[in-house]
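Read the structure below first, then the notes.
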Amino acid sequence: MVVQLDILSAKFLQEMMKTTANLYRLGWDERNGGNITYLLKEEEISPYLNLNHVIRRVPIKFDASELAGKYFIVTGSGKYFKNVMDDPESNLGIIRVTKDGKTIEILWGLEDNGFPTSELPTHFMGHIQRLKVDPNHRVIIHCHATHLIGMTFTHPLDEIAFSKTLWKMCTECIVVFPEGVGIIPWMVPGTDSIGRATAEKMKDVRLVLWPHHGIFGAGTTMDETFGLIETAEKAAQVYTIVCTQGGVKQTITDQQLHDLAKAFGVVPRPGVLELES
Ligand code: 2HA
Ligand code: ZN
């Protein structure tokens with residue numbers, strides 16, 4: 001007899017529960033805002049689930065064949081991050097992409113006929129793109145980070161200018177996201193088009209801003225991806241405070257940002273900083 005362990009004790013499930021709770025606590029995922037997808041290895045899931053037992057099949061509208069056979073734990077469409085901790089089986093799901101990339105198989109969760117996140121096209125297209133850049137990239141988080149959204153009303157939506165402002169607000173920023181942030185135009189969420197536009201940006205960056213909506217972050221682990229968003233959001237919060245205090249009187253200079261990048265062995269996105277003196 002095969003003994004299956006309690007899936008609620010699985011590290012990946014605990015990470016999903018804690019991260020959704022943190023995002024809610026921080027006020028970045030009101031109501032059903034936000035979504036997370038986390039690429040899992042078969043050997044991470046197999047101690048907990050019979051992988052031959054498909055609960056439900058859900059067709060998808062876009063081609064996910066590049067992710068054929070891959071497993072993800074995802075947040076559910078219309079679900080509230082606030083509720084994940086108390087009822088993970090309804091609010092989260094473990095899914096597998098079929099060989100033809102046209103259907104997903106639900107292996108656990110999404111009880112009461114739930115569906116994966118409405119932003120599945122953006123997440124899947126993002127994973128396809130990030131895996132090409134770095135095969136260890138497994139996590140994509142979307143949230144409604146408050147101060148970053150605020151900045152999309154008050155700051156020019158130019159990637160170079162936006163990245164530079166964020167870098168200058170907190171010393172750590174250039175070290176954490178030396179490639180800067182990507183920004184797409186305002187678009188209707190939940191569509192394949194916004195997925196394609198976001199994934200296109202993800203060729204070069206791990207952070208993509210959706211003006212007047214929120215941010216997407218991609219990374220290798222839940223901690224790293226959450227930390228990436230947290231760092232950018234902190235810089236946006238400092239920017240907000242700086243503006244309300246009357247604006248910048250002094251800041252980190254471009255030369256100091258070059259020095260930081262050198263000290264930490266990162267290469268800043270070309271075109272943001274003035275050339276070294
Ligand atoms: O899941 O955040 O962008 C709700 C959203 C859509
Ligand atoms: Zn959203």
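FYI, side chains are in, hydrogens and waters are out, and symmetry mates aren't considered; it's all heavy atoms of this structure. All ligand and atom numbering here is 1-based and tracks the order in the structure.
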- Judging by distance only, is a nitrogen or oxygen of Asn35 under 3.5 angstrom from one on ligand 1? yes

- Item | salt_bridge(Lys168, Asp254) N-O dist < 4.0 Å | yes

- Taking 2.8 Å as the cut-off, does an N/O/S atom of His142 lie below it from the Zn ion (ligand 2)? yes

Exercise for the section: Examine Gly34 against ligand 1 and note whether any of their N/O atoms are separated by less than 3.5 Å. Expected result: yes

(Q) Looking only at side-chain N and O atoms, does Thr221 offer a donor or acceptor that is under 3.5 Å from a partner on Asp223? (A) no

In this structure, atom 3 (O) of ligand 1 is nearest to the protein heavy atom Glu119 OE2, 2.6 Å

Within 4.0 Å of some non-hydrogen atom of His142, the atoms of ligand 1 are 2 (O), 3 (O)

Closest to the Zn ion (ligand 2), among the N/O/S atoms of His213, is atom NE2

Are Glu172 and Lys234 close enough for a salt bridge, meaning some N to O gap below 4.0 Å? no

Atom 4 (C) of ligand 1 sits nearest the protein heavy atom Asn32 O, 3.1 Å

Note to self: Measuring only between side-chain heavy atoms, which start at C-beta, is Leu131 closer than 4.5 Å to Glu66?
What the structure shows: no

Would you call Arg269 and Asp204 a salt bridge, using N to O less than 4.0 angstrom?
-> no

If we only count N/O pairs under 3.5 Å, is Thr117 in contact with ligand 1? no

Salt bridge flag under 4.0 Å for residues Lys11 and Glu15
yes

